[in-house]
Chemist: 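Below is the structure I would like to discuss, written out as structure tokens.
Below, chain A is the first sequence line, B the second, and so on; all start at residue 1. Just so it is clear, the structure is predicted and the values come from calculations on it, not from any experiment.
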Amino acid sequence: AQDDELIDQTFLLTFIPNIQFSPTYAAIANGHFAEAGFNVTIEHLDEPVVVDLIASNQRQFGIVSGEQVIMARFGGRPIVYLYEWFQQYPVGVVVPENSDIETVTDLAGRNIGIPGRFGASYSGLTALLAANGLTEQDIDLEEIGFFAPDVVCVGGVEASVVYLNNEPLQIAQRAEQGECGDVTGVRVLPVAAEVDLVSNGLVTNEETIANQPEMVAAFVSAYHQGLQDVINNPAAAYLLSLDYVDNLPISDDLQAALEAEAAAQEEFLATNPDREAIAESRQTMYDRLHEQFSSEELIQLQVLLKSIELWDAEQLGVTDLASWEAAQNVLLEMGFLNEPLDLEAAFTNEFVPGFEE
Amino acid sequence: MRVSVRDLQVTYRAPGGLALPALGPISFEVEPEQFVAIVGPSGCGKSSLIRVLAGLQKPSSGSAYLNHQPIQEPSSAVGLMFQDSNLMPWRTVIDNIALPLELAGVSKMERRAQAADLIPQLGLEGFEEAYPGELSGGMAQRVALGRVLIQRPEVLLLDEPFGALDALTREQISLDLLQLWQQSGATAIMVTHDIREAVLLADRVFVFSQRPGKLIADVHITLPRPRHSDDMFNEAFGDFVRQVRAAIDRA
Amino acid sequence: MRVSVRDLQVTYRAPGGLALPALGPISFEVEPEQFVAIVGPSGCGKSSLIRVLAGLQKPSSGSAYLNHQPIQEPSSAVGLMFQDSNLMPWRTVIDNIALPLELAGVSKMERRAQAADLIPQLGLEGFEEAYPGELSGGMAQRVALGRVLIQRPEVLLLDEPFGALDALTREQISLDLLQLWQQSGATAIMVTHDIREAVLLADRVFVFSQRPGKLIADVHITLPRPRHSDDMFNEAFGDFVRQVRAAIDRA
Amino acid sequence: MLANVLSYTLNKFISNEKYVLKPRRSVVRRYALIATPLTVLAVWHFITLLELFPVFIIPSPQAVGIKLIAVIQDGRLWLHMGVTLQEVLGGLFLGVSVGMILGYLIAHIPVLEDLLSPIIVAFQATPILAYAPLLVIWFGTGITGKMITGALVVFFPMLMNTIVGIRSVPENLRDLMRVSRASRWQLFAKLELPAAMPVLLTGLKTSATLAVIGAVVGEFVTANAGLGYWVKVARDSYDTPLVFVAVISLTVIALSLYGAVSLLERRLLAWQRRHRLVD
Amino acid sequence: MLANVLSYTLNKFISNEKYVLKPRRSVVRRYALIATPLTVLAVWHFITLLELFPVFIIPSPQAVGIKLIAVIQDGRLWLHMGVTLQEVLGGLFLGVSVGMILGYLIAHIPVLEDLLSPIIVAFQATPILAYAPLLVIWFGTGITGKMITGALVVFFPMLMNTIVGIRSVPENLRDLMRVSRASRWQLFAKLELPAAMPVLLTGLKTSATLAVIGAVVGEFVTANAGLGYWVKVARDSYDTPLVFVAVISLTVIALSLYGAVSLLERRLLAWQRRHRLVD
Ligand SMILES: Nc1ncnc2c1ncn2[C@@H]1O[C@H](COP(=O)(O)OP(=O)(O)OP(=O)(O)O)[C@@H](O)[C@H]1O
Ligand SMILES: Nc1ncnc2c1ncn2[C@@H]1O[C@H](COP(=O)(O)OP(=O)(O)OP(=O)(O)O)[C@@H](O)[C@H]1O
Ligand SMILES: [Mg+2]
Ligand SMILES: [Mg+2]
């Protein structure tokens with residue numbers, strides 16, 4: 001398609017540019033959006049702002065987490081969840097390696113950090129505790145903002161609720177360099193190991209679905225291809241993300257190594273390997289690179305690989321009602337909701353490519 | 001221009017909240033080109049009268065007129081010299097003097113030239129670029145005088161213009177003023193505490209009573225013009241001075 | 001107290017950046033309990049001298065002494081009345097007058113009582129609670145005079161204290177001052193532009209030259225004390241006035 | 001009524017008149033104080049009536065009213081308002097004291113300005129996010145940290161206004177104090193403070209208003225109570241009426257403080273209003 | 001050298017002396033301007049040397065220096081600094097203009113203060129978080145939005161200082177302008193502006209400094225370039241040296257603006273320094 005025929009479309013992401021958003025970058029850079037007829041620009045905003053802009057149809061697409069969708073709909077915002085990006089809930093509890101906290105039940109009575117009593121980390125913690133018969137009253141919860149690595153390393157808390165694909169890696173890397181106080185390494189207790197909660201995904205509003213279903217399908221499909229690209233070839237994803245993410249570690253050597261890995265992976269993919277084989281190829285790639293490069297330099301690649309583990313599934317993009325109900329139960333438990341919602345209206349798998357009920 | 005005042009009264013709010021009658025009721029008429037000197041006890045409303053004539057303050061009752069037109073607001077025909085020198089501390093001497101011309105839109109070169117012309121007469125040579133903070137009390141007063149003279153107003157209102165000047169300077173400057181006034185054909189009303197100065201300069205000397213100030217004497221000084229400092233040794237001069245003093249003693 | 005000055009010079013920086021010699025070199029000695037009046041042309045450094053004597057300003061060269069001690073900083077024995085009235089606009093008349101006592105730690109009741117005692121003498125009855133913004137020029141000056149008198153200083157420095165007062169008030173207040181001075185045994189140095197006033201009040205009249213001000217005449221006024229306003233009609237009085245005037249004309 | 005107010009003020013502006021009769025002004029002012037809130041309420045009502053924005057962005061006054069009553073009844077309003085009020089007052093006190101003391105010193109020792117201004121300006125330009133970890137490490141997650149952020153915000157305008165206020169004290173009144181041999185404390189209490197009062201009070205008005213946002217910023221870093229925390233929680237749970245309740249409560253705190261300083265100003269500067277004509 | 005500076009200033013403070021010789025002061029001031037940055041650098045160096053804090057909280061000056069050189073070389077520093085500078089200048093201009101105009105009107109029409117202050121104070125107390133969606137809807141995610149947040153921060157101190165500055169113009173000079181029949185514009189340009197200048201310049205100094213943080217706050221809402229955005233990016237990637245580089249750059253902008261206003265002040269208020277004795 002010609003550039004001037006493309007529809008301008010903004011895509012709202014939370015937070016700031018980050019390697020984790022590489023599926024979106026891939027969908028743009030690899031031309032999937034353009035093929036679907038979109039000229040996409042990215043805007044990063046706080047999650048509630050993303051929700052409000054989409055709900056008021058000021059923008060049409062964005063990514064937010066599942067329980068936000070439930071709460072937003074509870075708060076009267078007509079947004080609809082289209083495509084699950086994270087198949088596994090990305091939150092967990094990180095503890096120092098040498099800690100005597102081994103299971104969730106060991107958390108009772110401990111001093112645990114959390115960014116704040118809001119958002120996915122709070123929901124995740126509540127679900128994790130509930131699954132083990134605990135409540136917030138059983139632990140000593142401390143709000144520490146998004147500074148878990150700093151606070152954990154200075155021994156401010158005994159454990160902390162974190163995003164699995166980021167903070168644990170940061171702490172581990174500091175520990176490896178001996179810059180993390182007494183901490184020598186970390187262990188995580190993922191929420192996903194205990195409960196299946198609906199996680200981050202692509203959303204739009206009811207009006208757009210009603211008026212432009214084809215456009216929605218095209219958009220979701222393009223995003224899906226981007227995600228698939230990243231899962232299949234993380235080295236290439238890392239390279240293309242350099243244009244989008246400020247401060248992504250890179251050097252001439254690393255660039256050359258990644259280019260070689262990306263090309264090799266292309267060839268490998270041409271042999272139509274199955275999902276497990278691809279997963280294995282990611283691990284071996286990392287091991288190869290790690291022989292040559294420090295883990296400090298590879299930390300963001302590690303973040304990407306850890307994220308891919310949370311994204312990958314046999315069928316991408318699909319959510320089941322059970323995970324929505326699990327999330328809603330958590331919210332009811334926390335008092336963020338005081339009555340259950342018509343969850344069927346909150347999401348649809350209708351636009352997920354290749355999905356058949 | 002003719003300046004007249006009919007049943008004028010100025011009343012302030014006294015500290016306790018009561019009315020404080022400061023001036024009047026007072027009525028008088030000053031013919032065009034006349035020179036009137038006002039003498040009267042401190043606090044009897046002289047400055048208040050000047051402010052009313054300048055259009056700075058509304059009378060509490062009665063009215064003041066310029067050529068039979070009620071005074072509602074400041075008029076460009078009127079020049080006022082305040083009791084304090086009231087200079088702008090951020091302007092040099094020459095710029096303070098030139099202020100009225102600047103406000104009237106006169107070009108920078110022209111107004112500085114006119115101001116510079118006044119400097120020797122005011123005895124301010126060498127201080128053109130000084131700031132008010134660098135002047136003595138008397139020098140500041142001379143700058144203020146320069147500022148009103150440069151306007152060439154048709155009505156000159158002077159509130160104790162020479163209070164801070166020594167006897168010699170005072171005499172010289174007041175004679176200069178006299179000359180300027182005669183050339184310009186302005187009407188002049190001057191508040192002064194110096195009876196001899198009043199008699200030397202004025203056609204009429206108004207004597208005010210204690211607060212609230214009322215006109216208790218209107219002494220017509222019939223000494224011939226132009227007048228000189230020698231005139232002060234005349235017998236007639238002494239008579240007028242005694243006449244005014246007598247009125248004051250009755251005040 | 002004895003006030004003396006030796007080779008005193010005050011030099012300012014002129015607008016152009018050059019040195020501006022404002023006063024001196026000048027030397028004199030004032031005996032304890034003497035009353036000295038200073039007359040001289042505007043801008044000749046009289047206020048500068050007063051400021052040096054008050055310890056507000058360091059001389060550029062030479063020194064001033066109080067009882068043979070060099071003056072380094074303001075002394076509690078000295079009372080100064082500024083050329084402008086210098087009142088605090090947020091204080092009422094009575095609180096402005098009482099300020100020196102307040103700073104000396106006198107109780108509120110006591111200092112207000114003392115200030116109230118001065119009010120009639122200053123002719124400010126009914127204005128005790130007025131703010132400076134509500135006063136006439138002369139009234140403000142009288143408040144400033146009250147403020148220095150309440151201190152009962154051993155050395156009185158007065159910079160044109162009666163400039164804004166009418167002749168009658170002026171005469172009355174200056175006679176009051178004379179009486180207070182006589183009772184208190186203070187040394188007084190007063191700048192004035194009124195030669196007759198200088199002669200009436202002072203033991204000695206200093207005549208200053210044009211800038212830089214130098215002492216060109218020191219006229220001893222040997223009229224007997226206590227003096228009264230009638231003294232002004234004496235022959236001797238007239239002689240002294242003429243003597244001072246002659247010195248000024250030579251300035 | 002608004003028309004009256006406007007025509008009156010316009011006249012006043014145009015007539016260039018110095019002396020105004022006091023009683024009339026007071027009446028106008030009394031109207032003014034309720035005029036604005038009523039107007040805002042009316043405009044708000046019409047915005048929601050005309051559905052210019054979705055209700056989840058601007059909810060109706062009724063919805064906010066209902067929420068307000070609810071949080072008053074369940075006591076949460078007082079809880080959060082109390083916490084924030086404490087932080088605001090603490091921050092205000094701290095920031096104003098430090099600002100005034102430092103401002104006083106700088107006004108008298110100009111070289112201090114050169115020595116300290118780089119540090120002070122740098123602090124003002126540094127986002128809290130950059131030193132939030134230190135804040136948490138040093139002051140914990142309790143009320144103290146918010147007082148610190150409040151004080152940091154408040155401090156600067158107060159400092160600057162103190163400097164200019166003290167420096168603009170007339171030199172001739174300083175001379176008067178010197179010849180009267182005032183002690184340094186008397187110089188401050190009897191001259192500098194009253195002379196600088198208008199500018200100081202303006203600094204205090206500015207500070208009192210900004211103290212609120214300072215505390216809120218602190219609560220954004222980390223908190224478990226307070227109106228800023230409530231704004232965050234309410235936004236995160238998509239409860240827009242609650243966001244409005246929290247914001248209105250913040251506004252009430254700010255307006256009360258501003259009003260308190262204005263009253264203080266009316267009292268302390270009463271002498272400035274004493275130059276009026278009586279008819 | 002620092003000891004010299006201190007003893008000099010102490011002497012000056014204690015001696016209560018009014019007349020100071022100019023040249024000496026200037027020299028001291030020139031020292032002062034480099035003394036502080038050097039001291040800060042030294043203290044910083046010792047803090048890291050003594051390992052008082054972990055390096056991920058306070059990195060060494062060397063580490064920050066290396067990072068600084070790197071971002072200068074790859075051009076990112078200029079990119080982000082340029083964006084922020086643009087936002088800061090835009091916000092400053094907007095906020096100062098609106099603040100001065102509104103302040104001028106309020107100073108002359110007191111009832112306006114009663115009518116507008118509730119709205120203005122309310123705005124100042126409302127966290128941006130609460131109206132971020134409206135900000136994006138109205139001004140988009142580009143530079144304009146950050147200018148608006150900058151202007152919002154800058155506006156208030158400027159407004160308040162304009163009000164007090166204009167109100168404190170001596171009444172007798174107003175009378176002088178009235179009898180000289182000055183137009184309203186002349187009244188402003190020839191009297192009110194110069195008379196209020198010290199207070200206005202103080203407002204401008206405050207505003208210039210706060211404009212930086214205002215733009216940063218805007219960048220926190222949404223941005224893809226700028227130093228505030230960079231702080232966020234650096235914190236997110238746990239790159240503390242980069243956080244320091246970004247913060248130092250912000251400081252440099254703030255100090256330059258502050259310095260520019262100070263220079264302006266020196267020029268415009270030169271007349272205030274003309275009361276000096278020569279020896
Ligand atoms: N703004 C004001 N508010 C209240 N009272 C005032 C105000 N201005 C002047 N007065 C009072 O009005 C009276 C007359 O004042 P005015 O200044 O006219 O006197 P004056 O004759 O000029 O005196 P002087 O010779 O001392 O200057 C005084 O008693 C003074 O207290
Ligand atoms: N702060 C200053 N800076 C520069 N020059 C000054 C300063 N103060 C006074 N002068 C100059 O010093 C000279 C003497 O001033 P001073 O005030 O002592 O005179 P004066 O004798 O009191 O005059 P007047 O009778 O007019 O009050 C004047 O020429 C004046 O311009
Ligand atoms: Mg008068
Ligand atoms: Mg003098």
Chemist: With a 4.5 angstrom heavy-atom cut-off, is it the side chain or the backbone of A:D52 that approaches chain D, or both, or neither?
Modeler: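 Both parts, heavy atoms under 4.5 Å.
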Chemist: Name the option with the most non-hydrogen atom pairs under 4.5 Å to chain D; the candidates are A:P48, A:A72, A:G75.
Modeler: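 Ranked by contacts with chain D, first place is A:P48.
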Chemist: Evaluate the side-chain proximity of A:E179 to A:C153: yes if any heavy-atom separation is below 4.5 Å, no if none is.
Modeler: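 No, their side chains stay 4.5 Å or more apart.
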Chemist: Can you tell me which portion of A:E67 sits under 4.5 Å from chain D's heavy atoms? Options are side chain, backbone, both or neither.
Modeler: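 When you check distances to chain D, no heavy atom of A:E67 falls under 4.5 Å.
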Chemist: Does this structure show an ion pair linking D:K67 with D:D239, if we count only N-O contacts that are shorter than 4.0 Å?
Modeler: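 Here D:K67 pairs with D:D239 in a salt bridge, since their nearest N and O are under 4.0 Å apart.
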Chemist: I'd like to verify something: which residue of A:D150, A:L331, A:V51, A:L141 has the highest number of heavy-atom pairs under 4.5 Å with chain D?
Modeler: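 Counting heavy-atom pairs under 4.5 Å, the top option is A:V51.
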Chemist: How many angstroms lie between atom CD1 of A:I139 and atom CG of A:N111, to the nearest 0.5 angstrom?
Modeler: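 Answer rounded to 0.5 Å: 9.5 Å.
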Chemist: Using a cut-off of under 4.5 Å for heavy-atom pairs, which of A:G76, A:G156, A:A55 has the most such pairs with chain D?
Modeler: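 Of A:G76, A:G156, A:A55, A:A55 has the most heavy-atom pairs under 4.5 Å with chain D.
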Chemist: Under a 3.5 Å cutoff, is there a donor and acceptor pairing between the side chains of A:S99 and A:E158?
Modeler: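 Distance-only check fails for A:S99 and A:E158.
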Chemist: Measuring from A:L82:CG to A:T319:OG1, what's the distance to the nearest 0.5 Å?
Modeler: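 Reported value, rounded in 0.5 Å steps: 9.5 Å.
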Chemist: State the CG-CD1 distance between A:D138 and A:I112, to the nearest 0.5 angstrom.
Modeler: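 Result: 10.0 Å between the selected atoms.
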Chemist: Please determine, among A:E47, A:R73, A:E142, A:Q68, the option with the most heavy-atom pairs under 4.5 Å with chain D.
Modeler: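 Winner by heavy-atom pair count: A:Q68.
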Chemist: Would you mind checking which part of D:F53 comes under 4.5 Å of any heavy atom in chain A, side chain (CB onward), backbone (N, CA, C, O), both or neither?
Modeler: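 Contact with chain A is absent: no heavy atom of D:F53 under 4.5 Å.
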